[in-house]
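Order of the sequence lines fixes the chain letters, A, B, ..., with proteins taken first and strands second; residue numbering starts at 1 for each chain. In this text, all values refer to a predicted model and were calculated from it rather than measured experimentally.
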Amino acid sequence: MSFREKSAWITLVTVLVCFGAYFTELFGGLAGANHHFGGGWHSLHLLLLSVLALVVLQITLTCIAALTTPKDGRGPADERERLIQLRSHSLGYHVLMVLAVGLFAPAFFGHRGLEMANFALLAVVIATLTVAVAQIFMYRRGV
Amino acid sequence: MALPIANQIRRLRFEAGEMTQSELAERIGMTRQTVAAIEAGKYSPSLEAAFRIAHVFGVGLDAVFQWTGEA
């Protein structure tokens with residue numbers, strides 16, 4: 001497995017874990033009496049913790065991946081890898097554009113401020129996951 | 001996903017003194033994983049890359065790649 005494919009896996013796993021936990025806590029809190037969607041220190045701590053965990057995990061796992069990848073998997077990107085990057089980011093861009101337009105939906109139903117910011121963050125997370133999954137698919141199954 | 005191009009790279013590598021995928025990759029300026037993907041029919045190289053591969057083996061392009069798609 002090349003270093004870039006390992007990076008795609010790292011992105012997929014770390015974003016799923018960190019922001020999966022963040023949004024589960026955030027939206028899960030909606031079901032209860034003490035939901036945190038509206039703001040406050042708890043939701044700020046939650047976001048900061050998620051971002052910090054993501055950064056630490058990504059740095060750690062990326063360093064491990066770099067150390068465990070043989071030299072022939074760590075070279076500059078060639079035409080196939082550039083094509084994979086191009087197609088995956090193009091797909092992620094289109095997903096993000098659709099979700100960005102979709103943000104009008106919660107706005108029409110009265111959501112404002114921090115709630116809309118969290119919906120926008122969710123759109124970015126979904127687009128990031130789309131890019132990672134697309135890259136992994138193309139590395140595994142072919143371009 | 002099956003590409004409509006077959007190749008003889010694996011055979012040509014063995015005939016060229018059992019050249020490894022890494023050695024071929026280094027000579028054509030690509031990664032070993034890309035050479036493996038080309039051999040497995042998972043990636044169609046660019047025209048330039050195809051010519052570089054043929055040049056390494058000292059054969060023509062059609063000795064390395066064959067069109068297997070619909071006529």
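In the hydrophobic clustering of ILVMFWY residues, with side-chain heavy atoms under 4.5 Å counting as a link, V131(A) and F19(A) come out apart. Side-chain heavy atoms closer than 4.5 Å link hydrophobic residues (I, L, V, M, F, W, Y) into clusters, and following such links, even through other members, never connects I10(A) to L54(A). L57(A) and V55(A) fall into different hydrophobic clusters, where Ile, Leu, Val, Met, Phe, Trp and Tyr are joined by side-chain heavy atoms under 4.5 Å apart, directly or via other members. Follow the hydrophobic side-chain contacts under 4.5 Å out from I5(B) and you reach V35(B) in the same cluster. Under the 4.5 Å side-chain heavy-atom criterion for grouping Ile, Leu, Val, Met, Phe, Trp and Tyr, I136(A) is not connected to I64(A) through any hydrophobic cluster.
Proximity to chain A among residues 14-31 of chain B is limited to S22(B), G29(B), M30(B), T31(B), judged by heavy-atom separations below 4.5 angstrom. Using a 4.5 Å heavy-atom cut-off against chain B, the contacting residues of residues 77-102 of chain A are D78(A), E79(A), R80(A), E81(A), L83(A).
At most 12 non-hydrogen atoms from other residues, nucleotides or ligands lie less than 6.0 angstrom from CZ of R10(B). Taking a 6.0 Å sphere around CZ of F23(A), one finds it holds more than 12 heavy atoms contributed by other residues, nucleotides or ligands.
Interface residue P76(A): only backbone heavy atoms are found under 4.5 Å from chain B. At a 4.5 Å heavy-atom cutoff, R4(A) makes no contact with chain B through either its backbone or its side chain.
No side-chain donor-acceptor contact under 3.5 Å links K42(B) to the backbone of Y139(A).
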